[in-house]
Asks: 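Here's a structure for you.
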Amino acid sequence: MTFVAQPRRELTAEEIRTYQEDGVIMLKRALDPNWMAMVEAGIDEARNKSSLLGRFMSRKVEGYQMDIFLWKRIDILRDLIYYSPCAELARQLMKSEEVRFFYDQMFVKEPGTDAPTPWHQDLSFWPIRGEQICSFWIPCDPVNRENSGLLYVKGSHRWPQRFKAISPDYVASIIDEDMEDIPDINANPDQYELLDWDMEPGDILAFHPLTLHGSYGNASRERRRRALALRWTGDDVVYTPSSKRMPIHYKHASVEGGPLRGAAFPRILPSPDPAERAARLQPERARFGKLAASAMGNAMAAARQTFKRQRTEHLKQTWTTQGEK
């Protein structure tokens, strides 16, 4: 038995083909106002109850707030994940029998926050591999390029390169020097076809985790940009932990090389796992020992880079002015 609400409509074959070819699609009015009210309420609660990890992620730029695994402690976002039509939309895009929830992430840029999001591939950060992976980016505010709407390099999910994981705060521990540098997309605009959309609350950007994407800072002096990202996985995804990939600070039953399992990655379709649902009846906090180990790992990686005279300047990207659409 599934509790997932049905979407307003089935995705068309053309929409699925566009997603597969371009690596991204904008789904207009995909979420009804009641679901958007849950998204907004969840983000507002998360902003007022930032986790320890969220405070670390948001430490460098005033006005730019991030946090992850919100659903583990915010009940309204847990319900959104289990009951909204998002999982069914992800199933259609991924063409998967099973849909599991990977994790969520909040992004808030207040008006005038000069904090570009560097070009990156999501999958470079993650301890998973597979083709049936899909991210949803859901804005709570009207969004365009001026107030930090996302830009995508069309078709880049089909490139053979796998690029270094460059986060907004250039976290040292996840920068794998064996991977390729990300090209400076904005410095060579004629070489790439960029996609972006003006969006309203209720719209969804759905994209493949290898599609290069980023955004300018929020140049608007009036409009903030609040957004929630939801990540979904399908049948072919396996757990591939590494010291250079995002650590998981919550309990799960996944083993290296095997499928995702356990309460950190709950099954939503074709039906929820009762044990995984029961594990989330009460809010769960990230394990302090895991957080401490991550902090130590990042400090050691930064120290190694300094000792070897490695700098991140060569990883910096051109985001000084906003290109015309």
Side-chain angles (χ1 to χ4, degrees), residues 1-8 10 30-32 34-35 37-39 41-43 45-46 49 51 53 67-106 126-136 138 204 206 209 228-241 246-291:
M1 177 181 180
T2 179
F3 303 106
V4 171
Q6 289 301 301
R8 287 181 164 186
E10 293 282 310
L31 291 178
D32 288 328
N34 62 308
W35 299 118
M38 294 173 69
V39 173
I43 286 181
E45 184 176 345
K49 299 178 181 178
S51 71
L53 184 57
D67 211 342
I68 61 175
F69 281 93
L70 312 174
W71 78 279
K72 279 295 194 178
R73 65 182 192 278
I74 297 174
D75 290 345
I76 199 166
L77 293 181
R78 171 203 61 193
D79 294 344
L80 178 83
I81 288 156
Y82 269 102
Y83 305 136
S84 80
C86 290
E88 173 57 25
L89 291 170
R91 185 194 66 78
Q92 293 179 39
L93 287 170
M94 296 188 299
K95 295 187 174 181
S96 178
E97 293 295 325
E98 180 179 88
V99 174
R100 283 186 175 269
F101 185 66
F102 183 33
Y103 77 105
D104 57 6
Q105 189 163 3
M106 173 189 75
W126 296 345
I128 59 174
R129 290 296 180 262
E131 277 297 317
Q132 291 170 306
I133 309 170
C134 183
S135 285
F136 287 0
I138 306 169
I204 293 177
L228 180 70
L230 306 177
R231 293 69 154 81
W232 310 92
T233 67
D235 300 328
D236 74 344
V237 173
V238 295
Y239 183 56
T240 56
M246 181 183 81
I248 303 301
H249 300 124
Y250 294 87
K251 295 178 182 178
H252 61 90
S254 309
V255 297
E256 185 172 357
L260 295 186
R261 292 288 182 268
F265 316 118
R267 188 179 69 206
I268 308 299
L269 291 173
S271 62
D273 181 285
E276 292 168 356
R277 279 176 58 85
R280 180 49 189 87
L281 290 178
Q282 298 297 323
E284 181 184 351
R285 301 284 176 177
R287 288 176 284 178
F288 182 79
K290 290 279 189 179
L291 290 172

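Along the sequence shown, residues carry numbers from 1. Computation of the quantities below employed the complete heavy-atom set of this structure, encompassing side-chain atoms and omitting hydrogens, waters and symmetry-equivalent molecules.
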Asks: Answer whether the closest heavy-atom distance between the side chains of V4 and V99 falls below 4.5 Å.
Replies: no
Asks: For residues Q6 and P85, determine if any side-chain heavy atom of one lies less than 4.5 Å from a side-chain heavy atom of the other.
Replies: no
Asks: Say you draw a straight line from CG of L31 to CZ of F136; how long is it, rounded to the nearest 0.5 Å?
Replies: 8.5 Å
Asks: Taking P209's backbone N and O only, do any of them form a donor-acceptor pair with S135's side chain (distance below 3.5 Å, no angle check)?
Replies: no
Asks: Would you say the side-chain atoms of R78 pair up with the backbone N or O of R73, donor to acceptor, closer than 3.5 Å?
Replies: no
Asks: Do you know which two heavy atoms are closest between A41 and I76, and how far apart they sit?
Replies: CB-CD1, 3.9 Å
Asks: Do you know the tightest heavy-atom contact between C134 and L93?
Replies: SG-CD1, 4.0 Å
Asks: Mind checking the CD1-CE spacing from I133 to M94? Nearest 0.5 Å is all I need.
Replies: 9.0 Å
Asks: Rounded to the nearest 0.5 Å, how far does OH of Y103 lie from CH2 of W71?
Replies: 14.0 Å
Asks: Is it true that R129 and D236 make a salt bridge, defined as a side-chain N closer than 4.0 Å to a carboxylate O?
Replies: no
Asks: I need the D79 CG to I74 CD1 distance, nearest 0.5 Å.
Replies: 12.0 Å
Asks: So do D75 and R280 actually touch side chain to side chain, heavy atoms under 4.5 Å?
Replies: yes
Asks: Would you find a donor on one side and an acceptor on the other, under 3.5 Å apart, between the side chain of R100 and the backbone of L260?
Replies: yes
Asks: How many angstroms lie between NZ in K95 and CG in D235, if you round to the nearest 0.5 Å?
Replies: 13.5 Å
Asks: Using atom types as modelled and distance alone, determine if a side-chain donor or acceptor of D104 lies under 3.5 Å from a backbone N or O of F69.
Replies: yes
Asks: Indicate yes or no: at least one non-hydrogen side-chain atom of P7 is less than 4.5 angstrom from one of Q92.
Replies: yes
Asks: Looking only at non-hydrogen atoms, find the nearest pair between W35 and A5 and report the distance.
Replies: CZ2-CB, 3.7 Å
Asks: Report the C-alpha separation of Q105 and R231 in whole Å, then their side-chain angles, then the decisive distance to 0.1 Å, and conclude whether the side-chain contact (heavy atoms from CB on, under 4.5 Å) test is met.
Replies: CA-CA 9 Å; Q105 189 163 3; R231 293 69 154 81; 2.9 Å; yes
Asks: Tell me if a side-chain donor or acceptor on R267 pairs with a main-chain N or O of E276 at a distance below 3.5 Å.
Replies: no
Asks: Which heavy atom of P247 sits nearest to which heavy atom of H249, and what is that distance?
Replies: CG-NE2, 3.6 Å
Asks: Ignoring hydrogens, what is the shortest heavy-atom contact between V238 and G257? Give both atom names and the distance.
Replies: CG1-O, 3.8 Å
Asks: Check whether the ring centres of W232 and F102 lie less than 6.0 Å apart, and answer yes or no.
Replies: no
Asks: Nearest 0.5 Å please: distance from the CG atom of L269 over to the CZ atom of F101.
Replies: 13.0 Å
Asks: For E97 versus P270, what's the shortest heavy-atom pair and its separation?
Replies: O-CD, 3.7 Å
Asks: Going by heavy atoms in the side chains, are F265 and I128 under 4.5 Å from each other?
Replies: no
Asks: Under the 3.5 angstrom rule, does the side chain of D273 hit a backbone N or O of A275 as a donor-acceptor pair?
Replies: yes
Asks: Within the structure provided, determine whether E256 and P241 are in side-chain contact (heavy-atom separation under 4.5 Å).
Replies: yes
Asks: Whether the side chain of R277 engages the backbone of Y82 through a donor-acceptor N/O pair (distance < 3.5 Å, no angle test) should be reported.
Replies: no
